Amino acid sequence: MQLTRISQQAQADALKQFQRENYKVVREYMETFKQDLDEEILESQKYRIRAFLIPKLGNHAKSSDLSIEFVNISQLSSEELSSYEQGVAFIKGVESPYRLRPGKIVELIKAKVPSFNMTMHTKCWRYYEARPAQHDDKNWKGEFSGYSEGYDGYLYSKKWVSRLLEALNGDDEVRRIRVFS
């Protein structure tokens with residue numbers, strides 16, 4: 001038994017406020033964790049469970065009852081797997097190629113170009129016009145970056161990392177980028 005002077009409604013309101021204040025922190029942590037994982041790990045069934053829900057009608061076609069059959073994908077033949085994949089293709093959401101935050105870009109490039117930093121990254125996206133200079137184009141989707149509403153800023157693609165590594169290979173190009181304003 002638990003005794004308290006706080007009403008149930010006050011407890012519910014306090015819980016909602018706590019969740020509202022901490023949701024962004026938890027969500028950012030989850031997104032950062034997911035972005036740091038390789039594609040191979042994300043697609044592995046050892047990392048996550050992927051359930052394909054296929055409705056099976058009850059005894060009568062007009063029946064409102066549905067049963068769900070869970071299928072272990074590792075026990076399917078290649079023919080069965082391809083038939084499931086065809087059906088799933090219509091259900092799967094399209095993942096955004098823009099998943100990397102500027103800090104992650106700096107970290108990835110710095111591993112191969114030690115002098116690379118956030119200032120240089122900013123000069124690079126401006127020099128190559130990888131994204132709009134102003135934050136007012138919330139519909140921007142380019143080859144190297146796209147606006148993310150949840151992040152409230154621009155995220156970058158792996159193509160951007162490749163482009164930077166290619167560009168920062170030559171000293172002349174690095175000098176041009178450094179003096180660019």
Side-chain angles (χ1 to χ4, degrees), residues 19-53 73-74 76 78 81-181:
Q19 290 172 340
R20 184 173 40 251
E21 291 170 358
N22 291 294
Y23 173 79
K24 187 175 181 181
V25 173
V26 172
R27 183 72 183 163
E28 284 178 5
Y29 172 80
M30 290 169 51
E31 289 298 320
T32 303
F33 179 79
K34 183 179 175 187
Q35 289 172 0
D36 290 342
L37 295 175
D38 291 334
E39 290 293 323
E40 185 178 304
I41 293 172
L42 286 172
E43 293 300 320
S44 169
Q45 281 195 325
K46 292 178 183 175
Y47 173 71
R48 68 171 163 189
I49 296 173
R50 186 179 282 176
F52 302 118
L53 304 178
I73 199 166
S74 62
L76 296 176
S78 58
L81 181 61
S82 67
S83 70
Y84 278 113
E85 288 296 328
Q86 287 173 357
V88 172
F90 297 108
I91 297 170
K92 284 184 182 176
V94 177
E95 248 186 76
S96 173
Y98 317 111
R99 298 173 44 186
L100 303 172
R101 294 175 183 225
K104 185 66 175 176
I105 297 289
V106 171
E107 181 184 319
L108 293 169
I109 302 296
K110 196 173 189 118
K112 297 190 178 174
V113 181
S115 63
F116 193 78
N117 57 27
M118 188 60 77
T119 302
M120 187 64 172
H121 179 255
T122 303
K123 287 186 177 211
C124 284
W125 69 252
R126 286 185 175 149
Y127 183 79
Y128 293 111
E129 297 178 348
R131 57 162 266 213
Q134 304 298 322
H135 275 290
D136 58 354
D137 191 355
K138 298 192 187 284
N139 295 321
W140 170 261
K141 300 285 185 230
E143 182 181 5
F144 301 120
S145 69
Y147 186 83
S148 172
E149 210 166 302
Y151 175 63
D152 196 28
Y154 292 92
L155 296 177
Y156 299 88
S157 66
K158 290 183 180 180
K159 276 186 175 181
W160 178 237
V161 174
S162 301
R163 176 68 176 106
L164 286 177
L165 287 173
E166 179 184 310
L168 298 173
N169 229 0
D171 291 335
D172 292 339
E173 188 75 1
V174 172
R175 274 191 227 104
R176 281 193 290 274
I177 294 169
R178 285 192 192 279
V179 297
F180 182 78
S181 50

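In this text the structure is predicted, and so the values were computed from the model without any measurement.
Expressed to the nearest 0.5 Å, how far CD of E28 lies from NZ of K24 amounts to 5.5 Å. In this structure, the separation between CG on N117 and NZ on K110 is 6.0 Å, given to the nearest 0.5 Å. To the nearest 0.5 Å, the span separating CD on E143 from OH on Y98 amounts to 8.5 Å. Taken from OH in Y127 to CE in M120, the straight-line distance is 10.0 Å, to the nearest 0.5 Å. Here the straight-line distance linking atom CD of E149 with atom CG of N139 works out to 8.5 Å at 0.5 Å rounding.
Legend: residues meeting side-chain hydrogen bond (donor to acceptor under 3.5 Å, both in side chains) with R101, ordered by chain and number and at least two apart, are absent. Contacts of I109 classified as side chain to side chain contact (heavy atoms under 4.5 Å, CB included), with partners at least two apart in sequence or in another chain: I105, V113, F116, V161, L164, L165, L168. E173 pairs by the side-chain hydrogen bond (donor to acceptor under 3.5 Å, both in side chains) definition with Y128, R176, not counting sequence neighbours. Partners of N169 according to the side-chain hydrogen bond (donor to acceptor under 3.5 Å, both in side chains) rule, which considers only residues two or more places apart in sequence or in another chain, do not exist here. By the side-chain hydrogen bond (donor to acceptor under 3.5 Å, both in side chains) test, Y147 pairs with K138, D152, sequence neighbours left out.
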Could you please spell out the steps behind the side chain to side chain contact (heavy atoms under 4.5 Å, CB included) verdict for Y156 and W125? CA-CA 10 Å; Y156 299 88; W125 69 252; 3.5 Å; yes

Full working for side chain to side chain contact (heavy atoms under 4.5 Å, CB included) between R178 and S115: CA-CA 12 Å; R178 285 192 192 279; S115 63; 3.5 Å; yes

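Side chain of Q35 to backbone of L100: no donor-acceptor contact under 3.5 angstrom is found. Within the 3.5 Å criterion, the main-chain N or O of A130 finds a donor-acceptor partner in the side chain of S145.
By the 4.0 Å N-to-carboxylate-O rule, E107 lies close enough to K104 to be salt-bridged with it.
The side chain to side chain donor-acceptor pair (under 3.5 Å) analysis of residues 158-168, with sequence neighbours excluded, yields the pairs H121-W160.
For NZ of K141, the number of neighbouring non-hydrogen atoms (other residues, nucleotides, ligands) closer than 6.0 Å is greater than 12.
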